[in-house]
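Numbers restart at 1 for each chain; the letters A, B, ... are given by sequence-line order, proteins then strands. All values below come from the heavy atoms of this structure, side chains included, with hydrogens, waters and symmetry mates left out.
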Amino acid sequence: MISYLSELNSLSESINKAMEEYNIAKPTIYVGEPTDPSYGDFTTNAAFIISKTFKISPYEAAKDLLYKIKVSKEDISGEAHPSGFINFKLTDSFYLKFLNEIIKNKGYGEINISEKKRIIIEHTSVNPNKALHVGHARNVILGDTLYRLFKRLGHQVTVLNYIDDTGVQVADLIVGFKYLGYSLESNDKYDHYCGDVVYVNANKAIEESAELKNKRSEVLRDLEKGGEIYRFARPIIEKIVREQLKSTWKLGARYDLLNWESHFVHGGYWKKMFDLLKEKGLVKFVTEGKHKNCWVLLDKKVLVRSDGTAVYIAKDLTYAAWKLGLIPDDFYYYAFATQPDGTKLYSTSLTGNLKSLYTPADEAYILIDQRQLPLQNLIKETLKALSATKEYKVIAYGLVALSKSTAEKIAKSKIEKDIVHMSGRSGIYYNLDDLMSAIQQVALKLINERNPTLSEKEEVASKVAIAAIRYSLMRPDLDKQIVFDINEALKLEGDTGPYIQYTYARASKILEKANMEVSLLDQLILSEEEKQLLLQMAKYDYYIFKAYFSTSVTSLANYAHELASAFNVFYEKKRVLDEQDETLRKMRLALVYAYKLIIADVMNVLGLPELKEL
RNA sequence: GGGCCCGUAGCUCAGCCAGGAUAGAGCGUCGGCCUCCGGAGCCGAAGGUCGCGGGUUCGAAUCCCGCCGGGCCCGCCA
């Protein structure tokens, strides 16, 4: 596929080759986007290095170097700038080839990475005792978008969701049901009921009562060994998980496999892991000091207590090793659910007849919030010591906190701090489902005002909400903390997901009204707006790769907005259907057609639903 | 005490990893644009000591060091 990236690569090669003629040792030059688009489409600072070495002016060096650069004059034109930069512009000939390829392929076609990998990505993994809040949503969205990106590049990807069904949070909930008399049924969505009512109140009661604390320990022990209380808890937990899944499916996410912590515990996987660690000498038994009688991992962290029980990280470590096939997979599998995209979601089991559905991965990605980074890095370090070829990749993101005003709304009281961290235990959080319906209502109101005859308004409004939420949570840099404010979240204009959806609808409308086949072109007569639009379209694979190599979708989301913006400018300035000149009309129609294909491709990777009308 | 992350326009954020040419968006403010493929849009204006100080460099928002502010982590909890 001819594109901005393919031209950049060949230009870069040409420049490096030309540089060899100067015999400068290891020159590090920049070839890429200029700071300001008005300078051109590519720029290089190579002349500065020549200038420095040979003590000539940067401008002279630039002119000399430009003369030596062998580049397809048909597709790229170069110019030495008095400042010393050499700037390059893509020509109409390039744009014509590019546009015709898009038309011919009906899109970008495959964007392939040379080395195909088996990738596992684990995301969501929310404790199964409550509904997802907006903090969890960041995890789901980043994870699902990376999954889509990996798929787009042709990797073989498996998405995992880990269910911690033997932890304290679940134990609290079960204490609520078993000893505090909470009803097992509710008219509310079950995950909301369990989290908002049973868990919050049970946790509070347990904290205030030694007797209940004992009960909780009893529950925890039983969950670990898979006894009577575990069998009581299991259907409750499954019911919650199914509700949680509904929320994530609504966002457009999907999974391949659910891993239950209890299956790892009851299946004896920890013992296999522990043996492996001992065999490789990564754990040591300590005979004196404060860690006397404990097993310590990499001289850093207690892994097995002096009473012989394993600490929490042991489970995570076991799971991580299992993903990469460092300990064997003895699970059975069964189809747990059929997802909205038609695929089956499988679950592990300790009994059954389906085996080996799962393939150990070359690379295992995990999405976590920054607080878990030290522990996950320790796991990464341990796995590295166990395998030289397999890679454990930790993607950490900043926390989602609540703005003061949003927190005050939830707590129904005055709050001193500027931001408030969400907490399931204390009931301070904003549920994802509530956010979805709040945005949906705003969108519905807009539709009723502006397009009252639209069919399936609810459905459309829901898709607008998905785009709004996904975009707002994937757009900020991973390192950035997000302060969630409900009033901000309800805005659907400007740099938002719906802005991008809107341009898709505009393009769709034009093509629908044109009602004709788009054919290959033999010439282009481009205005500045049209050239800008084409340039942005040509940059798609460049940003796909950028996102992949940085494992960050920030720049891709940003690109989607810039591409959409270029279309809106074009749309504003140039008429398509009522253009009198037939050549221009055909060309613009082809542009709209190509735009629709590419923006749809980007939207699909980002998980923003396409809307023909809104 | 040790460590991680953030600090760019009134607000929310790109740009920093691979240092270069007048630091970009969105929201908000002010002013324009629907006889026109849909105004969830477009155009323009105002608005910035890139937290502060030092260093490296011909050149620093970007790299290094030190401060200051904000968030977080550091258990034989999970």
Letter by letter from the 5' end, nucleotides 68-78 of chain B scores (B base, S sugar-phosphate only, - none; protein heavy atoms under 4.0 Å) ---SSS--BSB
Answer with yes or no whether A:Thr43 presents, from its side chain, a donor or acceptor under 3.5 Å of a partner atom in the base of B:rA21. yes
Check: A:Asn87 side chain, B:rA21 base, donor-acceptor under 3.5 Å: yes
In numerical order, the residues of residues 488-498 of chain A whose heavy atoms come under 4.0 Å of RNA chain B are A:Lys491, A:Leu492, A:Glu493, A:Gly494, A:Asp495
Run the ring pair (Phe, Tyr, Trp, His ring centres under 6.0 Å) test against A:Tyr471 and tell me which residues pass, sequence neighbours left out. none
A:Tyr571-A:Glu529 side chain donor-acceptor pair, cut-off 3.5 Å: no
Among residues at least two apart in sequence or on other chains, which ones pass ring pair (Phe, Tyr, Trp, His ring centres under 6.0 Å) with A:His291? none
Atom pair distance, as rounded to whole Å: OH in A:Tyr502 and C1' in B:rG26: 17 Å
Among residues 448-471 of chain A, which contact RNA chain B at a heavy-atom distance under 4.0 Å? A:Arg450, A:Asn451, A:Val464
Below 3.5 Å between N/O atoms, which protein atoms pair up with nucleotides 49-52 of chain B? Just atom names and distances, please.
none

Taken in chain and number order and not counting sequence neighbours, the residues that satisfy ring pair (Phe, Tyr, Trp, His ring centres under 6.0 Å) with A:Tyr502 are none
Check ring pair (Phe, Tyr, Trp, His ring centres under 6.0 Å) between A:Tyr319 and all other residues, then give those that pass, not counting sequence neighbours. A:Tyr162, A:Phe264
Residues passing the side-chain hydrogen bond (donor to acceptor under 3.5 Å, both in side chains) test with A:Glu207, sequence neighbours excluded, are none
Any side-chain donor near an acceptor of the partner, A:Glu122 and A:Ser125, under 3.5 Å: yes
Using a 3.5 Å cut-off and no angle test, enumerate the donor-acceptor pairs between side-chain atoms of residues 504-516 of chain A and protein atoms at least two apart in sequence or in another chain.
unit_1	atom_1	unit_2	atom_2	d
A:Arg506	NH1	A:Asn568	OD1	2.6
A:Ser508	OG	A:Tyr504	O	2.8

Scan every strand shown for a Watson-Crick or G-U wobble partner of B:rG31, both distances under 3.5 Å, and answer none if you come up empty. B:rC43
Which pairs, protein N/O on one side and nucleotides 14-17 of chain B N/O on the other, fall under 3.5 Å?
unit_1	atom_1	unit_2	atom_2	d
B:rA14	OP1	A:Asp477	N	2.3
B:rA14	OP2	A:Lys480	NZ	2.6
B:rA14	O4'	A:Arg475	NH2	3.2
B:rA14	O2'	A:Asn558	ND2	2.9

Watson-Crick or G-U counterpart of B:rG24, or none if no pair lies under 3.5 Å: B:rC13
If I take atom OH in residue A:Tyr30 and atom P in nucleotide B:rG19, what distance separates them, rounded to the nearest angstrom? 10 Å
Looking only at side-chain N and O atoms, does A:Tyr504 come under 4.0 Å of OP1 or OP2 in B:rG38? no
Residue pairs passing the ring-ring contact (aromatic ring centres under 6.0 Å, His included) test with at least one member in residues 436-459 of chain A, sequence neighbours excluded, are none
Separation of B:rA21 atom P from A:Glu33 atom CD, nearest Å, is 14 Å
